[in-house]
Colleague: 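Mind looking over this structure? Questions follow.
So you know, we letter chains A, B, ... as the sequences are listed, proteins then strands, and number each from 1. Quick caveat: nothing in here was measured; it's all calculated off a predicted structure.
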Protein chains: 2
Amino acid sequence: MGRPATFSRDTLQHAALALVDRGGLSALSMRSLAAELETGAMTLYNHVADREDLDLLVVDAVLGEVRVPPAARYSWKREVTAIATAVWRAVRAHPNVIPLILTRRTRSPASLAIAESLLAALARSGRTRRELLIAFRAITAFVMGFAQAEMAGPLSMGQGEQAIDMAAQVRALPPDRYPHLTVMAAEATKSQPELEFRSCLRALLDGLSGTKR
Amino acid sequence: MGRPATFSRDTLQHAALALVDRGGLSALSMRSLAAELETGAMTLYNHVADREDLDLLVVDAVLGEVRVPPAARYSWKREVTAIATAVWRAVRAHPNVIPLILTRRTRSPASLAIAESLLAALARSGRTRRELLIAFRAITAFVMGFAQAEMAGPLSMGQGEQAIDMAAQVRALPPDRYPHLTVMAAEATKSQPELEFRSCLRALLDGLSGTKR
DNA sequence: ACCTGAACACCGTTCAAGT
DNA sequence: ACCTGAACACCGTTCAAGT
């Protein structure tokens with residue numbers, strides 16, 4: 001009933017992201033977001049089609065933080081590395097949003113810009129279309145999968161308390177049944193996600209630049 | 001009130017998977033599953049801790065379908081390829097479950113067995129622990145990420161009607177803003193997920209067997 | 001011990017009404 | 001035209017009671 005307090009879609013978007021960052025996905029609902037914005041739940045529908053649309057807005061807020069580096073400075077490998085790393089860091093900066101990022105299909109300008117710049121960088125390596133598609137698939141799969149693994153994989157990453165707890169659990173499994181896994185859980189205790197990401201990505205790029213068949 | 005109809009956790013698990021396979025994730029709720037089993041919702045809590053536990057059961061039903069091949073038949077690369085492909089195929093056979101698989105951390109025997117056998121295969125290539133961890137991370141990230149991309153990536157896979165629609169949408173973007181993406185959307189029309197998965201995985205394995213630094 | 005209906009505290013969204 | 005409260009059809013889960 002007429003508080004003029006009409007807010008922009010942009011403030012809604014960032015309020016939603018802030019809620020998820022702070023309290024996890026369960027902290028975001030039409031009602032909780034409306035309360036945050038000091039309005040009624042139904043008012044949100046003036047800015048957003050439905051809950052799914054709100055989720056996409058949150059995903060896009062994260063992807064919008066990706067700073068795609070200016071093109072073609074060094075080798076194509078370095079450029080691809082810069083883009084992939086930028087995406088991974090932005091995603092990783094919002095761990096609570098990762099389930100949304102993994103499961104929502106975005107077609108926003110931010111997400112298309114990332115895809116386009118990655119393709120442009122890869123195209124500099126001289127490939128047929130088919131090879132370019134393969135390279136694009138491999139890299140995007142790896143980046144998203146690496147973020148996924150940090151959230152849900154069997155071998156914990158990083159040195160947080162939670163990661164160390166997880167490692168301890170896996171290390172405590174019967175070593176005769178899981179000889180490698182238990183050893184690797186110990187190794188994962190020294191995990192440095194940034195370095196591991198770089199090493200994995202380098203291996204992938206090496207493989208993608210090898211002889212074509 | 002004593003229909004004796006006590007059912008096993010196993011039938012509950014497969015009924016839940018069947019509901020998701022048939023009707024998507026939204027078709028599975030405590031109430032819908034109970035109805036399927038011709039009982040009341042609260043009866044489920046005799047077999048399952050909570051909804052999260054039910055989700056894990058569904059994830060595990062899929063991972064339980066992975067047939068890990070017998071070890072050490074050919075080269076380590078072929079063995080790793082066999083395992084990765086088996087996982088990917090099982091996941092892909094249940095597309096509606098993918099969001100759950102990506103976001104739930106399982107520690108079930110099925111999931112641990114997969115991880116252990118993948119590590120065992122990789123260990124045959126002769127690596128330090130640190131290199132083994134890197135290789136494991138790269139491959140699991142890739143497999144999960146590839147499944148994720150088929151569900152939510154910008155370039156559609158396969159020749160289904162839906163995939164073709166999606167490709168058409170991306171192809172219809174302004175080509176001066178998205179020169180590579182629009183071309184690749186056309187290329188993706190010929191997409192053969194199985195072949196692309198193999199090509200990407202081969203590149204990754206090539207990279208992982210290259211010179212260490 | 002195992003089972004289960006009623007009730008509670010949430011959801012997203014429709015609808016009809018406000019200005 | 002924009003806003004919004006009440007109400008509806010769902011959720012997962014607590015609680016108390018059945019056998």
Colleague: Checking side chain to side chain contact (heavy atoms under 4.5 Å, CB included) between Leu204(A) and each of Leu204(B), Leu208(B), Leu205(B), which is the one that passes?
Modeller: Leu204(B)

Colleague: Taking only Watson-Crick and G-U wobble pairs with both distances under 3.5 Å, what dot-bracket line describes DNA chain C, where [ ] shows pairs that cross earlier ones and | shows pairs with another strand?
Modeller: ||.|||||...|||||.||

Colleague: Minimum heavy-atom separation for Leu25(A) to Pro99(A), with atom names?
Modeller: CD1-CB, 3.9 Å

Colleague: Can you pull out every salt bridge (Lys or Arg N to Asp or Glu O under 4.0 Å) where at least one residue sits in residues 181-200 of chain B? Sequence neighbours excluded, please.
Modeller: Arg137(A)-Glu196(B), Arg89(B)-Glu194(B), Glu187(B)-Lys190(B)

Colleague: Between Gly40(B) and Ser26(A), who's closer to the 5' end of DNA chain C by nearest nucleotide?
Modeller: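 Taking each residue's closest nucleotide, the earlier one in sequence belongs to Gly40(B).
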
Colleague: Under 3.5 Å, side chain of Arg107(A) to main-chain N/O of Leu112(A), donor-acceptor pair present?
Modeller: no

Colleague: Out of the candidates Asp53(A), Asp60(A), Asp55(A), only one should pair with Arg104(A) under the salt bridge (Lys or Arg N to Asp or Glu O under 4.0 Å) rule; please name it.
Modeller: Asp55(A)

Colleague: Strictly under 6.0 Å, is that where the ring centroids of His180(A) and Phe136(B) end up?
Modeller: no

Colleague: Does atom CD of Glu52(A) have more than 12 heavy-atom neighbours from other groups under 6.0 Å away?
Modeller: yes

Colleague: Tell me the interatomic distance from Leu33(A), atom CG, to dT13(C), atom C1', rounded to whole angstroms.
Modeller: 15 Å

Colleague: Are there over 12 heavy-atom neighbours, none belonging to Arg105(B), within less than 6.0 Å of that residue's CZ?
Modeller: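 For Arg105(B), atom CZ is crowded (more than 12 foreign heavy atoms under 6.0 Å).
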
Colleague: Please tell me whether Glu65(A) and His94(A) have a donor and an acceptor in their side chains that are separated by less than 3.5 angstrom.
Modeller: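 Present: a donor and an acceptor within the cut-off.
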
Colleague: Mind checking whether Met144(A) and Leu102(B) have side chains closer than 4.5 Å, heavy atoms only?
Modeller: no

Colleague: Do Phe142(A) and Phe142(B) have ring centroids that are under 6.0 Å from one another?
Modeller: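 No, the ring centres sit 6.0 Å or more apart.
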
Colleague: For Met42(B) and dT19(D), give me the distance from atom CE to atom C1', rounded to whole Å.
Modeller: 17 Å

Colleague: Which of residues 43-61 of chain B sit near DNA chain D, with a heavy atom under 4.0 Å from it?
Modeller: Tyr45(B), Asp50(B), Arg51(B)

Colleague: Under 4.0 Å, heavy atom to any atom of DNA chain D: which of residues 8-19 of chain B qualify?
Modeller: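 Output list: empty, so none.
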
Colleague: Could you state the CZ-P distance from Arg31(B) to dT13(D), rounded to the nearest angstrom?
Modeller: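 The answer, rounded to whole Å, is 11 Å.
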
Colleague: dT4(C) C1' sits how many Å from Glu38(B) CD, rounded?
Modeller: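 These atoms are roughly 16 Å apart.
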
Colleague: Is Thr39(B) near enough to dT4(C) that one of its side-chain N or O atoms lies under 4.0 angstrom from OP1 or OP2?
Modeller: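 For Thr39(B), the contact criterion (side-chain N or O under 4.0 Å from OP1 or OP2 of dT4(C)) is met.
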
Colleague: Of all of residues 98-107 of chain A, which get a heavy atom below 4.0 angstrom from DNA chain D, listed by number?
Modeller: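 Going residue by residue through residues 98-107 of chain A, none turns out to have a heavy atom under 4.0 Å of DNA chain D.
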
Colleague: Applying side chain to side chain contact (heavy atoms under 4.5 Å, CB included), name anything that partners Leu195(A), two or more places apart in sequence or on another chain.
Modeller: Gln192(A), Arg130(B)

Colleague: In whole angstroms, how far is the P atom of dC3(C) from the CE atom of Met30(B)?
Modeller: 15 Å

Colleague: Take a 6.0 Å sphere around CZ of Arg129(B) and say whether it holds more than 12 heavy atoms from other residues, nucleotides or ligands.
Modeller: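 Incorrect, the count does not exceed 12.
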
